[in-house]
Chemist: 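Here it is, the structure, as structure tokens.
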Amino acid sequence: MRIAMVSEHASPLAALGGVDAGGQNVHVAALSTELARRGHEVRVYTRRDDPDAPERVPLATGVEVVHVTAGPARHVPKDDMLPAMPALAAGMAADWSGWEPDIVHSHFWMSGVAALDAVSTLAAPPPVVHTFHALGVVKRRHQGAADTSPAEREWLEPDVGRRAAGVIATCSDEAFELKKLGVPSRNITVIPCGVDLAHFTPQGPRDERTRRHRVLSVGRLVPRKGVGTAIEAVAALADEGLDVELVIVGGGDTSDGRDPELERLAEIARHSAAPDRIELRGQLPQAVLPELYRSADVVVCAPWYEPFGIVPLEAMACGVPVVASSVGGLIDSVVDGVTGRHVPPRDATAVAEAIRTLLLDEPTRRQYGANGRRRAARYAWSRIAADSERSYRATIAAVSGAPSMNRRAKGVAR
Ligand code: UDP
């Protein structure tokens, strides 16, 4: 198949762990690479954010990243990117005059807008399958006035869900939200994000601890990730006498030369009961993350909400138990009492209690870690790609009627 991936803000080539570069970038890069390994031809369309970037960059055998000029050729916060979508759509449609995709898979609501726009200009439009990665309705519920999404998201996002030929939800919680938005159930398939099981492994080098116990937090530094809750929890445990440290990996928005969220968290740490036990390491490349995961007794993920959350999968793949808010994708991925502990969101006391229990019980930690590694196997990117391919084929067959009788379906066999 010829597969067009659309990922307007999240380039698979971007450095990870900054404010707008996280799970979606990982997802698009890994899924595209695995689909190409399965014999498909993949082009990933993303907005050009650097004037010097080549138009086409090979990502892996069979995968090419196409930088489309749409809006200024520099970093633009994703919430300011909507006006660039018509140009992104036009750029993709132009590319498709010489390379007709069999399916278009768009990621994040704005890519969906651009993808649907682009295919509508073609004589034989390929179906669009969409993954939201995050939903505005959920974001608004939790962030209220702090949500900087453009107003248009409120109606354009559900419109993408209703118009796409298929919607891939990454967890069951998202599937429920999509139904509430009016996306027909028959169009929704749940396919989770994956994890690189060859990179994230229990065996290998470990970062050195400075305390008996280490708790780790990994992720983009945005308030909703609940890193402040993790700081409060670990500081309380240190204050009650546990020899524990918290290492925090990830960065925030540095567009104006500062990182306000990093500063806010440093301030929480400074005013906590144990400032010397909290270490903010900043943004780190994925290459070094396994050493960090392996160095931890527990990984804490305490978001207010979480559309999916690849970090817990990485922790589990490294054999480390996870203390996770029981929200969104974490409800599916982390099994309470098997691979970690579920806690309510925004509850530092519950997080501290769950971490304490695990730190004081090494056999259970080991058991949860081993269970986590086993569970992570079901999230191998090879499986996610196989499921995605099946979903593409089903969508193509559904929109084309009789699969073996028409042009689109023949395209599938390409
Ligand atoms: N990440 C990274 N370096 C950092 C922080 C995060 O490479 O400094 C990676 C992390 O390993 C994970 C991704 O960014 O693969 C975050 O994905 P997740 O789905 O957990 O969160 P999202 O960014 O989608 O909210």
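What you are looking at is a predicted structure, and each value in this text was computed from that prediction instead of being measured. One-based numbering along the sequence shown. Every number for a ligand or one of its atoms is a count from 1 in the order of the listing.
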Chemist: Using a strict 4.0 Å cut-off to heavy atoms of Val26, name the atoms of ligand 1 that fall inside it.
Modeler: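 Contacts of ligand 1 toward Val26, numbered from 1: 15 (O).
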
Chemist: Which ligand 1 atoms does Gln283 reach within 4.0 Å, using its non-hydrogen atoms?
Modeler: 8 (O)

Chemist: Which heavy atom of the protein is the closest neighbour of atom 5 (C) of ligand 1, given with residue, atom name and distance?
Modeler: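 Protein heavy atom at minimum distance: Gly17 CA, 3.3 Å.
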
Chemist: Between Arg209 and Asp243, does at least one N-O distance fall below 4.0 Å, as a salt bridge requires?
Modeler: no

Chemist: Pairs of nitrogen or oxygen atoms closer than 3.5 Å, one from Tyr293 and one from ligand 1: do any exist?
Modeler: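 No.
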
Chemist: Report yes or no: does Arg224 have a heavy atom closer than 4.0 Å to ligand 1?
Modeler: yes

Chemist: Does any N/O atom on Gly23 come nearer than 3.5 Å to any N/O atom on ligand 1?
Modeler: yes

Chemist: Going by the atom numbers of ligand 1, which of them fall below 4.0 Å from some non-hydrogen atom of Lys225?
Modeler: 21 (O), 22 (P), 25 (O)

Chemist: Could an N or O of ligand 1 be found under 3.5 Å from any N or O of Leu284, whether backbone or side chain?
Modeler: yes

Chemist: Could you give the distance from NZ (Lys78) to CE (Met81), rounded to the nearest 0.5 Å?
Modeler: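 If we round to the nearest 0.5 Å, Lys78:NZ and Met81:CE are 9.0 Å apart.
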
Chemist: Provide the number and element of each atom of ligand 1 under 4.0 Å from a heavy atom of Gly309.
Modeler: 19 (O), 20 (O)

Chemist: Please report which non-hydrogen protein atom sits nearest to atom 15 (O) of ligand 1, along with the residue it belongs to and the distance in Å to one decimal place.
Modeler: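 Checked against all protein heavy atoms, atom 15 (O) of ligand 1 sits closest to Glu314 OE2, 2.6 Å.
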
Chemist: Taking the side chain from Arg375 and the backbone from Ser333, do they hold a donor-acceptor pair closer than 3.5 Å?
Modeler: yes

Chemist: Without hydrogens or angle criteria, can the side chains of His105 and Thr131 be said to hold a donor-acceptor pair below 3.5 Å?
Modeler: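 There is such a pair (donor and acceptor under 3.5 Å, judged by atom type) between the side chains of His105 and Thr131.
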
Chemist: Does the distance from a Lys or Arg side-chain N to an Asp or Glu carboxylate O, for Glu177 and Arg141, drop under 4.0 Å?
Modeler: yes

Chemist: Ligand 1 and Gly251, any nitrogen or oxygen pair closer than 3.5 angstrom?
Modeler: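 Min N/O separation from ligand 1 is not below 3.5 Å for Gly251.
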
Chemist: Determine, using heavy atoms of His133 and all atoms of ligand 1, whether some pair is separated by less than 4.0 Å.
Modeler: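 For ligand 1, residue contact (heavy atoms, under 4.0 Å) with His133 is absent.
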
Chemist: Is the closest side-chain heavy-atom distance between Gln143 and Tyr305 below 4.5 Å?
Modeler: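 The answer is yes; the side chains approach within 4.5 Å.
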
Chemist: Nearest protein heavy-atom contact for atom 14 (O) of ligand 1: which residue, which atom, what distance?
Modeler: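 Protein heavy atom at minimum distance: Gly22 CA, 3.8 Å.
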
Chemist: Does a side chain donor of either Thr69 or Arg48 reach within less than 3.5 Å of an acceptor in the other side chain?
Modeler: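 Side-chain D/A pair, Thr69 to Arg48: present.
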
Chemist: If you count the atoms of ligand 1 from 1 in the order shown, which ones are under 4.0 Å from a heavy atom of Leu289?
Modeler: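 Listed by number with element, the hits are 2 (C), 7 (O), 11 (O).
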
Chemist: Judged by modelled atom types alone, do His40 and Glu389 share a side-chain donor-acceptor pair under 3.5 Å?
Modeler: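 Yes - a donor-acceptor pair under 3.5 Å links their side chains.
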
Chemist: Among all protein non-hydrogen atoms, which one is nearest to atom 19 (O) of ligand 1, and what is the separation to 0.1 Å?
Modeler: Ile310 N, 2.8 Å

Chemist: Starting at CH2 of Trp304, measure out to OG1 of Thr229 and round the result to the nearest 0.5 Å.
Modeler: 8.5 Å

Chemist: Atoms of ligand 1 less than 4.0 Å from Val249 heavy atoms?
Modeler: 8 (O)

Chemist: Is it the case that Gln24 and Ser7 place a side-chain donor and acceptor less than 3.5 Å from each other?
Modeler: yes

Chemist: What residue and heavy atom of the protein are closest to atom 7 (O) of ligand 1, and at what distance?
Modeler: Gln286 CG, 3.1 Å

Chemist: Could you find the nearest protein heavy atom to atom 23 (O) of ligand 1 and give me its residue, atom name and distance?
Modeler: Arg220 NE, 2.7 Å

Chemist: Return yes if a side-chain donor-acceptor contact under 3.5 Å exists between Thr201 and Arg294, otherwise no.
Modeler: yes

